[in-house]
**Student:** 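Before I ask anything, here is the structure I am working with.
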Amino acid sequence: MKRYVILISGRGSNMGSLLDAGLPGACAAVISNRPDAAGLASAAGRGIATAVIDHRGFASRAEFDIALAAGIERHAPDLVLLAGFMRILTDDFVRRFEGRLLNIHPSLLPLFPGIKTHAQALAAGVRIHGCSVHFVTPALDGGPIIAQAAVPVQADDDEASLGRRVLVEEHLLYPRVARWFLEGRLRLVDGRAQLEGETAVGGALHVPLTEPKGN
Ligand code: GRF
């Protein structure tokens with residue numbers, strides 16, 4: 001059975017959606033860079049091994065990433081899922097895990113990389129917002145897009161209301177993509193996401209606006 005590791009920094013709601021999805025693989029560990037991440041307790045409550053590698057204990061980003069890589073590799077995972085992991089990763093780290101490192105980002109990339117994506121979307125006045133799952137490459141939030149889900153922006157939306165509706169889609173999209181990977185159907189080929197031999201059209205695989213729960 002394939003093994004995966006989830007990296008978190010906070011609440012861990014995406015982590016929870018992955019753990020509850022009945023994925024065809026075993027979660028070997030949840031690792032947080034923050035000891036106070038709420039997601040640690042919910043992982044432990046599901047019987048998952050947890051670890052903290054506190055970035056504040058390291059003199060440099062490179063040293064932290066070396067320790068993090070070691071903490072991941074001891075579980076020999078096939079897949080590493082960033083789920084609200086709020087650290088910029090060094091190129092060395094990313095290259096080491098390239099092709100088996102996924103992230104979920106709360107915008108329709110390449111729009112609104114970085115943080116505060118819902119505020120960015122409202123400020124830009126877009127009518128459609130959403131989330132993206134992508135392979136992680138050294139370009140921040142710039143790796144090959146695998147799948148996206150779109151959410152209409154409503155006239156009375158604020159950051160919180162828009163964020164809540166995007167999060168609903170995140171919780172459907174990420175397990176779906178993780179399942180593809182763990183089934184051996186999704187790969188990174190020549191810098192593009194490939195699902196069952198088909199290169200994604202226009203960079204992203206089409207996902208309907210709303211998905212039935214349960215992938
Ligand atoms: C999510 O919106 C995720 O897309 C972003 O950070 C947030 C983390 O939320 N990268 P949670 O910790 O999964 O609840």
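Because the structure is predicted, anything quoted here is derived from the model rather than measured.
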**Student:** Do I6 and C27 have side-chain heavy atoms sitting under 4.5 Å apart?
**Tutor:**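 The answer is yes; the side chains approach within 4.5 Å.
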
**Student:** Indicate, with yes or no, if V133 and V168 share a hydrophobic cluster defined by side-chain heavy-atom contacts under 4.5 Å among Ile, Leu, Val, Met, Phe, Trp and Tyr.
**Tutor:**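 In one cluster with V168: V133, no.
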
**Student:** Salt bridge or not between K116 and E159? Use side-chain N to carboxylate O under 4.0 Å.
**Tutor:**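 Counted as a salt bridge, because a side-chain N and a carboxylate O are separated by less than 4.0 Å.
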
**Student:** Ignoring hydrogens and geometry, is there a side-chain-to-backbone donor-acceptor pair from N14 to A83 under 3.5 Å?
**Tutor:**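 Flag not set: sc N14 to bb A83 has no pair under 3.5 Å.
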
**Student:** Using a 4.5 Å cut-off on heavy atoms from C-beta on, say whether the side chain of I128 contacts that of V153.
**Tutor:**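 Of all side-chain heavy-atom pairs linking I128 with V153, none is under 4.5 Å.
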
**Student:** Decide yes or no for T117 and L111: does some side-chain heavy atom of the first lie under 4.5 Å from some side-chain heavy atom of the second?
**Tutor:**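 No. Closest side-chain heavy atoms not under 4.5 Å.
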
**Student:** So do T137 and E98 actually touch side chain to side chain, heavy atoms under 4.5 Å?
**Tutor:**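 E98 vs T137: side chains touch.
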
**Student:** Please report the shortest heavy-atom distance between R179 and P24, naming the atom on each side.
**Tutor:**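 Of all heavy-atom pairs spanning R179 and P24, the closest is NH1-CD, 3.8 Å.
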
**Student:** If every non-hydrogen atom of P175 is compared with every non-hydrogen atom of L172, which pair is closest and at what distance?
**Tutor:**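 That would be CD-O, 3.6 Å.
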
**Student:** Under the criterion salt bridge (charged side-chain N to carboxylate O under 4.0 Å, His left out), I'd like the reasoning laid out for R165 against D157: C-alpha separation, chi angles, the key distance, then a yes or no.
**Tutor:** CA-CA 10 Å; R165 288 208 313 289; D157 263 332; 2.7 Å; yes

**Student:** Provide the full list of side chain to side chain donor-acceptor pair (under 3.5 Å) pairs with a residue in residues 39-50, sequence neighbours left out, each pair given once.
**Tutor:**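 Every side chain to side chain donor-acceptor pair (under 3.5 Å) pair that includes a residue of residues 39-50, provided the two are not neighbours, is D20-R46.
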
**Student:** Is the shortest heavy-atom distance from the side chain of P35 to the side chain of R56 under 4.5 Å?
**Tutor:**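 Contact flag for P35/R56 side chains = yes.
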
**Student:** Could you go step by step and tell me if L102 and H134 meet the side-chain contact (heavy atoms from CB on, under 4.5 Å) rule?
**Tutor:** CA-CA 6 Å; L102 302 183; H134 63 96; over 6 Å; no

**Student:** Measure the CD-CD1 distance between E170 and I104 for me, rounded to the nearest 0.5 Å.
**Tutor:**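 Atom-to-atom, E170:CD and I104:CD1 are 4.5 Å apart.
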
**Student:** List the steps, then state whether side-chain contact (heavy atoms from CB on, under 4.5 Å) holds for R87 with R61.
**Tutor:** CA-CA 9 Å; R87 297 287 301 170; R61 196 177 287 282; 3.7 Å; yes

**Student:** I want to check something: taking the side chain as every heavy atom from C-beta on, are C131 and Q148 in contact at a cut-off of under 4.5 Å?
**Tutor:**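 With C-beta onward as the side chain, the pair stays apart.
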
**Student:** With a sphere of 6.0 Å drawn around CG of D36, does it hold more than 12 non-hydrogen atoms of other residues, nucleotides or ligands?
**Tutor:**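 Correct, the count exceeds 12.
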
**Student:** Step by step, would you call I88 with L140 a side-chain contact (heavy atoms from CB on, under 4.5 Å)?
**Tutor:** CA-CA 8 Å; I88 293 173; L140 180 66; 4.3 Å; yes

**Student:** Compare every heavy atom of P77 with every heavy atom of R100, then report the nearest pair and how far apart it is.
**Tutor:**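 Here R100 and P77 meet closest at NH1-O, 2.9 Å.
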
**Student:** With side-chain contact (heavy atoms from CB on, under 4.5 Å) as the test, would you mind laying out the steps for L186 and I146 before giving the verdict?
**Tutor:** CA-CA 9 Å; L186 171 66; I146 301 163; 3.8 Å; yes

**Student:** Remaining members of I115's ILVMFWY cluster at a side-chain heavy-atom cut-off under 4.5 Å?
**Tutor:**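 Same cluster as I115: M86.
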
**Student:** Stepwise, does the side-chain hydrogen bond (donor to acceptor under 3.5 Å, both in side chains) test hold for H129 with H118?
**Tutor:** CA-CA 8 Å; H129 185 42; H118 310 309; 2.9 Å; yes

**Student:** Please give the remaining members of the hydrophobic cluster of I53, linking ILVMFWY side chains under 4.5 Å, ordered by chain and number.
**Tutor:**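 When side chains under 4.5 Å apart are linked, the cluster holding I53 also contains V5, L7, I31, F58, F64, L68, I72, V80, L82, F85, L89, F93, V94, F97, L101, V136.
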
**Student:** Hey, which of L81, L40, I8, I48 is the one that makes side chain to side chain contact (heavy atoms under 4.5 Å, CB included) with M15?
**Tutor:**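 One option only clears the test, and that one is I8.
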
**Student:** Between P113 and Q120, which heavy-atom pair has the shortest distance, and what is it?
**Tutor:**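 Nearest pair, atom of P113 first, then Q120: O-NE2, 3.0 Å.
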
**Student:** Tell me whether F135 shares a hydrophobic cluster with L195, the cluster being built from Ile, Leu, Val, Met, Phe, Trp, Tyr side chains joined at under 4.5 Å.
**Tutor:**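 Same hydrophobic cluster.
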
**Student:** Looking only at non-hydrogen atoms, find the nearest pair between V30 and A43 and report the distance.
**Tutor:**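 Looking at all heavy atoms of both residues, the closest pair is CG2-CB, 3.8 Å.
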
**Student:** Would you indicate whether the side-chain heavy atoms of F181 and R187 approach each other to under 4.5 Å?
**Tutor:**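 Counting from C-beta outward, R187 and F181 never come under 4.5 Å.
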
**Student:** Please report the C-alpha distance between S13 and H171 in whole Å, then the side-chain angles of each, then the deciding distance to 0.1 Å, and finally whether the side-chain hydrogen bond (donor to acceptor under 3.5 Å, both in side chains) criterion is met.
**Tutor:** CA-CA 8 Å; S13 70; H171 293 166; 2.9 Å; yes

**Student:** Any donor and acceptor pair, going by atom type alone, linking the side chain of R192 with main-chain N or O of P144 inside 3.5 Å?
**Tutor:**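 No; zero donor-acceptor contacts below 3.5 Å.
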
**Student:** When you group the ILVMFWY residues by side-chain heavy-atom contacts below 4.5 Å and let the links chain together, are I66 and V52 in the same group?
**Tutor:**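 Looking at the clustering, I66 is in a separate group from V52.
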
**Student:** So which atom in S9 and which in R34 form the shortest heavy-atom distance, rounded to 0.1 Å?
**Tutor:**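 Scanning both residues completely, I find the closest heavy atoms to be O-CD, 3.2 Å.
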
**Student:** Could you grab the distance from atom OG1 of T90 to atom CG of D65, nearest 0.5 Å is fine?
**Tutor:**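 Reported value, rounded in 0.5 Å steps: 3.5 Å.
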
